[in-house]
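Every number for a ligand or one of its atoms is a count from 1 in the order of the listing.
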Amino acid sequence: MSSEPIAVAPRGALLTGLRPTGSLTLANVVGAVQPILRLQATAALPILLFVADLHALTDTEPQVVAQQAQSTVRDLIALGIDTTRVHVYVQSALTHEVNELAGILAREVRVSELMRQPSLKEKLKSGQQPENATAALLMYPVLMAADILLHRAARVPVGQDQLAHLELARLMARRFNADYGATLVEPQPLQEDALRILALRGDAKMSKSDPDTALLLSDTDAAIERKIATCQTAPEGESSPHLESHARLIEALDAASVSVLRRLLAAHRAGEKVMADFKRLFANVAKQFIGAVRARRIALTEGEVDAVLRAGTAFAQHSAAQTLDDVRAALGLRIVVSNALEVDL
Ligand code: TRP
(Lines give C-alpha, C1' and ligand atoms only; values in the text may rest on other atoms or scores of the structure.)
Protein backbone atom coordinates (compact mmCIF):
# COMPACT_ATOMS: atom_id res chain seq x y z
CA MET A 1 0.00 0.00 0.00
CA SER A 2 1.42 3.40 -0.87
CA SER A 3 2.39 5.77 1.89
CA GLU A 4 2.20 8.83 -0.35
CA PRO A 5 0.53 11.82 1.23
CA ILE A 6 -3.15 11.82 0.44
CA ALA A 7 -4.45 14.65 -1.63
CA VAL A 8 -7.32 15.47 0.68
CA ALA A 9 -7.24 17.62 3.72
CA PRO A 10 -10.83 18.74 3.86
CA ARG A 11 -10.18 20.05 7.30
CA GLY A 12 -8.08 17.89 9.53
CA ALA A 13 -8.45 18.04 13.27
CA LEU A 14 -6.66 17.26 16.44
CA LEU A 15 -8.51 14.62 18.40
CA THR A 16 -8.08 12.35 21.34
CA GLY A 17 -10.25 10.11 23.47
CA LEU A 18 -9.98 9.03 27.06
CA ARG A 19 -11.57 5.97 28.53
CA PRO A 20 -13.84 6.88 31.43
CA THR A 21 -12.28 5.02 34.31
CA GLY A 22 -13.95 6.83 37.17
CA SER A 23 -10.89 8.90 37.74
CA LEU A 24 -8.08 9.75 35.38
CA THR A 25 -4.56 8.74 36.30
CA LEU A 26 -1.69 11.18 36.11
CA ALA A 27 -0.42 9.08 33.19
CA ASN A 28 -3.65 9.91 31.29
CA VAL A 29 -3.20 13.54 32.18
CA VAL A 30 0.37 13.71 30.92
CA GLY A 31 -0.16 11.51 27.84
CA ALA A 32 -3.46 12.78 26.49
CA VAL A 33 -4.66 15.92 28.25
CA GLN A 34 -1.48 17.97 28.58
CA PRO A 35 -0.74 17.96 24.84
CA ILE A 36 -4.17 19.51 24.34
CA LEU A 37 -3.61 22.08 27.07
CA ARG A 38 -0.37 23.06 25.36
CA LEU A 39 -2.00 23.36 21.96
CA GLN A 40 -5.44 24.73 22.70
CA ALA A 41 -4.42 28.37 22.58
CA THR A 42 -2.55 28.21 19.30
CA ALA A 43 -3.73 25.23 17.24
CA ALA A 44 -5.09 26.15 13.83
CA LEU A 45 -6.99 22.86 13.64
CA PRO A 46 -10.25 22.26 15.48
CA ILE A 47 -9.67 20.19 18.61
CA LEU A 48 -11.99 17.38 19.67
CA LEU A 49 -11.69 15.69 23.03
CA PHE A 50 -14.07 12.93 23.93
CA VAL A 51 -14.80 10.40 26.63
CA ALA A 52 -14.62 6.93 25.08
CA ASP A 53 -17.52 5.32 26.89
CA LEU A 54 -18.26 2.86 24.07
CA HIS A 55 -14.72 1.55 24.41
CA ALA A 56 -15.15 1.19 28.15
CA LEU A 57 -18.08 -1.16 27.48
CA THR A 58 -15.62 -3.79 26.25
CA ASP A 59 -14.87 -4.71 29.83
CA THR A 60 -17.20 -2.71 32.10
CA GLU A 61 -20.95 -2.81 32.74
CA PRO A 62 -22.95 -0.02 31.06
CA GLN A 63 -24.34 1.45 34.30
CA VAL A 64 -20.88 1.89 35.73
CA VAL A 65 -19.62 3.39 32.48
CA ALA A 66 -22.43 5.96 32.40
CA GLN A 67 -21.52 7.31 35.84
CA GLN A 68 -17.83 7.33 35.09
CA ALA A 69 -18.30 9.18 31.81
CA GLN A 70 -19.83 12.15 33.66
CA SER A 71 -17.03 12.28 36.16
CA THR A 72 -14.38 12.12 33.45
CA VAL A 73 -15.95 15.11 31.71
CA ARG A 74 -15.74 17.04 34.98
CA ASP A 75 -12.09 16.04 35.35
CA LEU A 76 -11.29 17.29 31.87
CA ILE A 77 -12.87 20.65 32.48
CA ALA A 78 -11.17 20.90 35.88
CA LEU A 79 -7.81 20.16 34.26
CA GLY A 80 -8.08 23.44 32.39
CA ILE A 81 -9.45 22.45 29.01
CA ASP A 82 -10.57 25.67 27.33
CA THR A 83 -14.05 24.65 26.34
CA THR A 84 -14.48 27.65 24.10
CA ARG A 85 -11.82 26.16 21.82
CA VAL A 86 -11.95 22.44 22.52
CA HIS A 87 -15.05 20.47 21.57
CA VAL A 88 -15.77 18.07 24.41
CA TYR A 89 -18.27 15.25 23.97
CA VAL A 90 -19.11 11.76 25.11
CA GLN A 91 -18.57 9.15 22.40
CA SER A 92 -21.96 7.47 22.84
CA ALA A 93 -23.67 10.71 21.75
CA LEU A 94 -22.31 9.73 18.31
CA THR A 95 -22.95 6.02 18.66
CA HIS A 96 -24.73 5.69 15.30
CA GLU A 97 -22.09 7.62 13.41
CA VAL A 98 -19.17 5.82 15.03
CA ASN A 99 -20.69 2.40 14.58
CA GLU A 100 -21.66 3.03 10.98
CA LEU A 101 -18.10 3.96 10.13
CA ALA A 102 -16.70 1.08 12.21
CA GLY A 103 -18.81 -1.33 10.17
CA ILE A 104 -17.40 0.09 6.96
CA LEU A 105 -13.81 0.12 8.23
CA ALA A 106 -14.08 -3.49 9.41
CA ARG A 107 -13.96 -4.42 5.73
CA GLU A 108 -10.47 -2.92 5.47
CA VAL A 109 -8.73 -4.98 8.14
CA ARG A 110 -8.06 -8.69 8.53
CA VAL A 111 -8.92 -10.77 11.59
CA SER A 112 -5.25 -11.79 11.72
CA GLU A 113 -4.22 -8.13 11.92
CA LEU A 114 -6.67 -7.50 14.74
CA MET A 115 -5.43 -10.59 16.57
CA ARG A 116 -1.92 -9.14 16.54
CA GLN A 117 -2.87 -5.96 18.40
CA PRO A 118 -0.68 -5.79 21.52
CA SER A 119 -3.53 -4.92 23.88
CA LEU A 120 -5.42 -8.06 22.90
CA LYS A 121 -2.30 -10.18 23.20
CA GLU A 122 -1.71 -8.77 26.66
CA LYS A 123 -5.25 -9.66 27.74
CA LEU A 124 -4.90 -13.16 26.30
CA LYS A 125 -1.61 -13.60 28.13
CA SER A 126 -3.25 -12.73 31.42
CA GLY A 127 -5.51 -15.75 31.26
CA GLN A 128 -8.23 -15.11 28.72
CA GLN A 129 -8.50 -17.66 25.91
CA PRO A 130 -8.89 -16.52 22.29
CA GLU A 131 -12.10 -18.56 22.00
CA ASN A 132 -13.58 -16.72 24.99
CA ALA A 133 -12.47 -13.21 24.15
CA THR A 134 -15.42 -11.13 23.05
CA ALA A 135 -15.78 -9.81 19.53
CA ALA A 136 -15.89 -6.35 21.15
CA LEU A 137 -12.31 -6.82 22.30
CA LEU A 138 -11.22 -7.88 18.84
CA MET A 139 -13.01 -4.91 17.29
CA TYR A 140 -11.58 -2.39 19.76
CA PRO A 141 -9.10 -0.88 17.27
CA VAL A 142 -11.77 -0.67 14.55
CA LEU A 143 -14.01 1.35 16.84
CA MET A 144 -11.05 3.54 17.74
CA ALA A 145 -10.21 4.04 14.07
CA ALA A 146 -13.82 5.10 13.50
CA ASP A 147 -13.54 7.72 16.28
CA ILE A 148 -10.51 9.21 14.61
CA LEU A 149 -11.38 8.93 10.92
CA LEU A 150 -14.91 10.18 11.54
CA HIS A 151 -13.47 13.65 12.13
CA ARG A 152 -10.59 13.34 9.69
CA ALA A 153 -8.23 13.88 12.57
CA ALA A 154 -4.72 14.52 11.34
CA ARG A 155 -3.06 14.57 14.77
CA VAL A 156 -3.85 12.29 17.68
CA PRO A 157 -2.12 12.76 21.03
CA VAL A 158 -1.98 9.35 22.69
CA GLY A 159 0.24 7.50 25.11
CA GLN A 160 2.71 4.96 23.86
CA ASP A 161 0.35 2.06 24.56
CA GLN A 162 -2.05 3.36 21.90
CA LEU A 163 0.43 3.71 19.05
CA ALA A 164 -0.30 0.24 17.69
CA HIS A 165 -4.01 1.08 17.55
CA LEU A 166 -3.23 4.29 15.74
CA GLU A 167 -1.14 2.38 13.23
CA LEU A 168 -4.18 0.19 12.49
CA ALA A 169 -6.31 3.30 12.01
CA ARG A 170 -3.77 4.57 9.49
CA LEU A 171 -3.86 1.23 7.69
CA MET A 172 -7.66 1.29 7.44
CA ALA A 173 -7.68 4.88 6.16
CA ARG A 174 -5.00 4.07 3.59
CA ARG A 175 -6.81 1.01 2.33
CA PHE A 176 -10.17 2.76 2.18
CA ASN A 177 -8.63 5.57 0.15
CA ALA A 178 -6.87 3.13 -2.15
CA ASP A 179 -10.10 1.22 -2.72
CA TYR A 180 -12.59 4.08 -3.00
CA GLY A 181 -10.66 7.29 -3.61
CA ALA A 182 -9.12 9.85 -1.29
CA THR A 183 -11.76 10.36 1.37
CA LEU A 184 -10.23 9.78 4.79
CA VAL A 185 -7.23 11.38 6.46
CA GLU A 186 -4.38 9.23 7.74
CA PRO A 187 -3.87 10.24 11.37
CA GLN A 188 -0.42 10.81 12.86
CA PRO A 189 0.45 10.46 16.52
CA LEU A 190 1.13 13.87 17.98
CA GLN A 191 4.37 12.82 19.60
CA GLU A 192 6.36 9.89 18.28
CA ASP A 193 8.13 9.52 21.60
CA ALA A 194 4.92 9.42 23.61
CA LEU A 195 5.71 9.27 27.29
CA ARG A 196 5.44 5.92 28.94
CA ILE A 197 4.58 6.45 32.57
CA LEU A 198 5.13 3.34 34.67
CA ALA A 199 3.11 2.20 37.65
CA LEU A 200 4.63 3.32 40.95
CA ARG A 201 5.81 -0.26 41.45
CA GLY A 202 6.02 -3.35 39.23
CA ASP A 203 6.40 -3.73 35.50
CA ALA A 204 3.04 -2.45 34.27
CA LYS A 205 2.28 1.02 33.00
CA MET A 206 0.35 3.29 35.34
CA SER A 207 -3.30 2.31 35.07
CA LYS A 208 -6.54 2.71 36.95
CA SER A 209 -6.87 -1.08 36.87
CA ASP A 210 -4.27 -1.21 39.65
CA PRO A 211 -5.19 1.86 41.74
CA ASP A 212 -2.63 1.08 44.44
CA THR A 213 0.24 1.71 42.07
CA ALA A 214 -1.38 4.58 40.16
CA LEU A 215 -1.85 8.23 41.10
CA LEU A 216 -5.46 9.23 40.48
CA LEU A 217 -7.08 12.63 40.26
CA SER A 218 -9.50 11.38 42.93
CA ASP A 219 -6.71 10.57 45.41
CA THR A 220 -6.64 12.30 48.78
CA ASP A 221 -3.39 13.79 50.04
CA ALA A 222 -3.05 10.87 52.44
CA ALA A 223 -3.46 8.36 49.61
CA ILE A 224 -0.86 10.16 47.50
CA GLU A 225 1.63 10.11 50.37
CA ARG A 226 1.00 6.46 51.13
CA LYS A 227 1.41 5.39 47.50
CA ILE A 228 4.53 7.43 46.85
CA ALA A 229 6.13 6.26 50.12
CA THR A 230 6.30 2.75 48.65
CA CYS A 231 7.17 3.65 45.06
CA GLN A 232 10.13 1.92 43.44
CA THR A 233 13.25 4.05 42.98
CA ALA A 234 16.88 2.99 42.41
CA PRO A 235 19.94 2.19 44.53
CA GLU A 236 22.38 5.08 45.04
CA GLY A 237 24.44 5.76 41.96
CA GLU A 238 22.11 3.78 39.71
CA SER A 239 19.21 4.59 37.47
CA SER A 240 16.05 2.56 36.89
CA PRO A 241 13.02 2.74 34.61
CA HIS A 242 10.91 3.68 37.65
CA LEU A 243 13.13 6.51 38.75
CA GLU A 244 13.16 7.88 35.21
CA SER A 245 9.40 7.53 34.87
CA HIS A 246 8.73 9.30 38.20
CA ALA A 247 11.10 12.07 37.17
CA ARG A 248 9.29 12.53 33.85
CA LEU A 249 6.01 12.77 35.71
CA ILE A 250 7.35 15.38 38.17
CA GLU A 251 8.73 17.41 35.29
CA ALA A 252 5.47 17.23 33.34
CA LEU A 253 3.32 18.23 36.31
CA ASP A 254 5.40 21.08 37.64
CA ALA A 255 7.92 22.85 35.47
CA ALA A 256 8.98 24.96 38.46
CA SER A 257 10.40 21.94 40.27
CA VAL A 258 12.77 20.95 37.47
CA SER A 259 15.87 22.56 38.93
CA VAL A 260 15.37 20.91 42.32
CA LEU A 261 14.68 17.62 40.55
CA ARG A 262 17.88 17.86 38.46
CA ARG A 263 19.92 18.60 41.56
CA LEU A 264 18.50 15.59 43.38
CA LEU A 265 19.11 13.28 40.44
CA ALA A 266 22.68 14.51 40.07
CA ALA A 267 23.31 13.88 43.76
CA HIS A 268 21.77 10.44 43.43
CA ARG A 269 24.01 9.59 40.47
CA ALA A 270 26.99 10.71 42.53
CA GLY A 271 26.06 8.10 45.13
CA GLU A 272 24.37 10.30 47.73
CA LYS A 273 21.37 9.07 49.69
CA VAL A 274 18.62 11.36 48.41
CA MET A 275 15.75 9.04 47.55
CA ALA A 276 13.77 10.16 50.62
CA ASP A 277 14.05 13.75 49.39
CA PHE A 278 13.10 12.63 45.90
CA LYS A 279 9.94 10.97 47.21
CA ARG A 280 9.08 14.06 49.24
CA LEU A 281 9.38 16.22 46.12
CA PHE A 282 7.33 13.72 44.11
CA ALA A 283 4.57 13.66 46.77
CA ASN A 284 4.49 17.44 47.06
CA VAL A 285 4.23 17.96 43.31
CA ALA A 286 1.48 15.32 43.01
CA LYS A 287 -0.48 16.71 45.99
CA GLN A 288 -0.29 20.24 44.69
CA PHE A 289 -1.38 19.27 41.18
CA ILE A 290 -4.21 16.97 42.23
CA GLY A 291 -5.35 19.40 44.93
CA ALA A 292 -5.73 22.22 42.41
CA VAL A 293 -7.77 20.01 40.07
CA ARG A 294 -9.93 18.85 42.99
CA ALA A 295 -10.74 22.45 43.93
CA ARG A 296 -11.74 23.34 40.37
CA ARG A 297 -13.88 20.21 40.03
CA ILE A 298 -15.80 20.98 43.19
CA ALA A 299 -16.52 24.51 41.93
CA LEU A 300 -18.06 23.24 38.66
CA THR A 301 -21.85 23.30 38.41
CA GLU A 302 -23.98 20.72 36.64
CA GLY A 303 -25.24 23.45 34.30
CA GLU A 304 -21.72 24.35 33.22
CA VAL A 305 -20.91 20.75 32.43
CA ASP A 306 -24.14 20.31 30.45
CA ALA A 307 -23.52 23.42 28.39
CA VAL A 308 -20.02 22.22 27.48
CA LEU A 309 -21.33 18.83 26.37
CA ARG A 310 -24.20 20.28 24.37
CA ALA A 311 -21.91 22.53 22.35
CA GLY A 312 -19.23 19.87 21.92
CA THR A 313 -21.72 17.24 20.78
CA ALA A 314 -23.30 19.53 18.22
CA PHE A 315 -19.90 20.26 16.71
CA ALA A 316 -18.91 16.58 16.65
CA GLN A 317 -22.20 15.48 15.09
CA HIS A 318 -21.85 18.04 12.36
CA SER A 319 -18.28 17.02 11.63
CA ALA A 320 -19.23 13.31 11.62
CA ALA A 321 -22.16 13.90 9.28
CA GLN A 322 -19.89 15.54 6.72
CA THR A 323 -17.41 12.67 6.73
CA LEU A 324 -20.13 10.03 6.58
CA ASP A 325 -21.72 11.74 3.61
CA ASP A 326 -18.40 11.60 1.78
CA VAL A 327 -17.75 8.01 2.81
CA ARG A 328 -21.15 6.86 1.60
CA ALA A 329 -20.70 8.75 -1.64
CA ALA A 330 -17.24 7.20 -2.14
CA LEU A 331 -18.68 3.74 -1.58
CA GLY A 332 -21.70 4.43 -3.73
CA LEU A 333 -23.68 3.08 -0.85
CA ARG A 334 -27.43 2.94 -1.34
CA ILE A 335 -30.07 1.07 0.51
CA VAL A 336 -32.90 -0.83 -1.05
CA VAL A 337 -36.14 0.20 0.58
CA SER A 338 -38.43 -1.82 -1.61
CA ASN A 339 -38.07 -3.68 -4.88
CA ALA A 340 -38.72 -0.50 -6.73
CA LEU A 341 -36.98 2.14 -4.70
CA GLU A 342 -33.41 2.87 -3.77
CA VAL A 343 -32.40 5.87 -1.70
CA ASP A 344 -29.05 7.39 -0.94
CA LEU A 345 -28.03 6.57 2.58
N1 TRP B 1 -8.14 3.45 23.31
C2 TRP B 1 -7.86 4.68 24.02
C3 TRP B 1 -7.35 4.34 25.42
O4 TRP B 1 -7.63 3.28 25.93
C5 TRP B 1 -9.07 5.56 24.10
C6 TRP B 1 -9.57 5.97 22.76
C7 TRP B 1 -10.70 5.55 22.16
C8 TRP B 1 -8.93 6.89 21.87
N9 TRP B 1 -10.85 6.13 20.95
C10 TRP B 1 -9.78 6.95 20.72
C11 TRP B 1 -7.75 7.64 21.91
C12 TRP B 1 -9.44 7.76 19.63
C13 TRP B 1 -7.43 8.45 20.81
C14 TRP B 1 -8.27 8.50 19.69
O15 TRP B 1 -6.70 5.16 26.01
Check: Which heavy atom in Val30 sits nearest to a heavy atom in Pro35, and how many Å separate them?
Finding: O-CD, 3.5 Å

Check: Are His268 and Phe278 close enough that their ring centres sit under 6.0 Å apart?
Finding: no

Next item on the list: Just do the side-chain contact (heavy atoms from CB on, under 4.5 Å) check on Thr58 and Thr134 with the steps written out, would you?
Entry: CA-CA 8 Å; Thr58 46; Thr134 62; 5.6 Å; no

Next item on the list: Go through the side-chain N and O atoms of Asp53 and Ser92 and say whether any donor and acceptor fall under 3.5 Å apart.
Entry: yes

Notebook entry, point to check: What are the two closest heavy atoms between Leu150 and Ala320, and how far apart are they?
Noted result: CG-CB, 3.6 Å

Please tabulate, one line per pair, the protein nitrogen or oxygen atoms found under 3.5 angstrom from a nitrogen or oxygen of ligand 1, with distances to 0.1 Å, or say none if there are no such pairs.
from     : atom 1 : to     : atom 2 : distance (Å)
ligand 1 : 1 (N)  : Tyr140 : OH     : 2.8
ligand 1 : 1 (N)  : Gln162 : OE1    : 2.9
ligand 1 : 4 (O)  : Tyr140 : OH     : 3.0
ligand 1 : 4 (O)  : Gln162 : NE2    : 3.3
ligand 1 : 9 (N)  : Asp147 : OD2    : 2.7

Check: What residues form a ring-ring contact (aromatic ring centres under 6.0 Å, His included) with Phe289, not counting sequence neighbours?
Finding: none

